[in-house]
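In listed order, ligands and their atoms are each counted from 1. Predicted model, so just to flag it, every value in this text is computed and none were measured. Just so it is clear, the values below take in all heavy atoms, side chains as well, and ignore hydrogens, waters and symmetry mates.
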Amino acid sequence: MDHLTIVTHPLVQHKLTLMRDRDTSTAVFRQLLREISQLLAYEVTRELPMTTKRIDTPVQPMDAPTLAGRKMALVSILRAGNGLLDGILELVPSARVGFVGLYRDEETLQPVQYYFKAPEQLEDRLVIAVDPMLATGNSSAAAVDLLKAKGATNIRFLCLLAAPEGVARMKEAHPDVPIVTAALDERLNENGYIVPGLGDAGDRMFGTK
Ligand SMILES: O=P(O)(O)OC[C@H]1O[C@H](OP(=O)(O)OP(=O)(O)O)[C@H](O)[C@@H]1O
Ligand SMILES: O=c1cc[nH]c(=O)[nH]1
Ligand SMILES: [Mg+2]
């Protein structure tokens, strides 16, 4: 996969516009994120290794395509990552799930870790880390550090919105981790927020502000 993939599908772009709108309610924001997560998952799971298995259709036997290898791991970067996780799990219900608890210190913009739990045998799995926002890239780079320290070698990062600064940070720290996003925005503002962005994803999802 390319280092950066922007999913330009009309449905994704339409839903993203609704999410950016400050007048969109918490309930609708959460629902849209769930819907977009499934469209983005379609893209991030392209090129998965396939094999065939022998099945009997009602008409005749066939060698039918099926996913190969160990079950993938979805890793949500808390809190906001959970807004992407739920929808993807509906598409890939057998995925293993991990959580990285991180929040961004508002002054330093450095991530503060408060939790980490990952599935076993990460080295044998495709690992998809999910977080709606890639701003400075400090949180995603730290999350990928943790996953690599646990053995992961095949990692993809899925987000909704990315800033050029975050993409550059990830490319420098983790050039082997492809990023899939719905949009690459203009820049970060002086508070480290994505411009034009959609505000604080976690707060908008959970109604905490
Ligand atoms: O690229 P960065 O500059 O690190 O910023 C992105 C991070 O900021 C947000 O989380 P936040 O810290 O607000 O925590 P939350 O998910 O608990 O709201 C977002 O969900 C990312 O994890
Ligand atoms: O714009 C931003 C930047 C970081 N985290 C968010 O939720 N939004
Ligand atoms: Mg976060």
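The shortest N/O to N/O separation between Gly192 and ligand 2 does not fall below 3.5 Å. For ligand 1, the polar-atom distance check against Met133 finds no nitrogen or oxygen pair separated by under 3.5 Å. For ligand 1, the polar-atom distance check against Arg79 finds a nitrogen or oxygen pair separated by under 3.5 Å. For ligand 1, the polar-atom distance check finds no N/O of Tyr103 at less than 3.5 Å from any of the ligand's N/O atoms. Some N or O of Ile194 is nearer than 3.5 Å to an N or O of ligand 2, by distance alone. Between Ala135 and ligand 1, at least one N/O pair is under 3.5 Å apart.
When atom types are taken as modelled, the side chain of Arg70 and the backbone of Arg125 share no donor-acceptor pair closer than 3.5 angstrom. When atom types are taken as modelled, the side chain of Arg22 and the backbone of Arg20 share no donor-acceptor pair closer than 3.5 angstrom. Asp185 places no side-chain N or O within donor-acceptor distance of the main-chain N or O of Arg187, the cut-off being under 3.5 Å.
Side chain to side chain, His3 and Asp176 fail the donor-acceptor criterion of an N or O pair below 3.5 Å. Judged purely by distance below 3.5 Å, without hydrogens or angles, the side chains of Thr208 and Arg79 pair a donor atom with an acceptor atom.
Using a non-hydrogen distance threshold of 4.0 Å, Leu78 registers as a contact of ligand 1. Residue contacts with ligand 2 include Arg104, since one or more of its heavy atoms lies under 4.0 Å from the ligand. Not close to ligand 2: Ala163, with no non-hydrogen atom less than 4.0 angstrom away. Ligand 1 is never approached by Ser140 to a heavy-atom distance shorter than 4.0 Å.
Geometrically, Arg104 engages Tyr193 in a cation-pi contact, judged by NZ or CZ lying under 6.0 Å from the ring centre and within 45° of the ring axis.
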Point to revise | Pair Lys15-Thr17, side chain to side chain contact (heavy atoms under 4.5 Å, CB included): steps then yes or no | key: CA-CA 5 Å; Lys15 290 175 193 294; Thr17 296; over 6 Å; no
Point to revise | Evaluation steps, side chain to side chain contact (heavy atoms under 4.5 Å, CB included), between Thr26 and Phe206 | key: CA-CA 7 Å; Thr26 295; Phe206 296 116; over 6 Å; no
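Among all protein heavy atoms, the one lying closest to atom 2 (C) of ligand 2 is Tyr193 CD2, 3.4 Å.
Heavy-atom contacts of Gly202 reach the following atoms of ligand 1: 18 (O) (cutoff under 4.0 Å). Near Ala135, meaning under 4.0 Å from one of its heavy atoms, ligand 2 places the atoms 3 (C), 4 (C). Each of the atoms 1 (O), 2 (P), 3 (O), 4 (O) of ligand 1 lies under 4.0 Å from some heavy atom of Thr136.
A salt bridge links Glu43 with Arg46: the distance from a Lys NZ or Arg NE/NH1/NH2 to an Asp or Glu carboxylate oxygen falls below 4.0 Å. Ion pair Glu120/Arg96 not flagged as a salt bridge, since none of the NZ, NE, NH1 or NH2 atoms sits closer than 4.0 Å to an Asp/Glu carboxylate oxygen.
When the options Gly199, Ala201, Gly202, Gly197 are ranked by their closest heavy atom to atom 8 (N) of ligand 2, first place goes to Gly199. When the heavy-atom distances from atom 1 (O) of ligand 1 to Gly137, Pro111, Ser76 are ranked, the shortest goes to Gly137. Heavy-atom proximity to atom 19 (C) of ligand 1, evaluated over Val130, Asp131, Asn138, Asn82, is greatest for Asp131.
Between Leu122 and Leu147 there is a side-chain heavy-atom pair separated by less than 4.5 Å.
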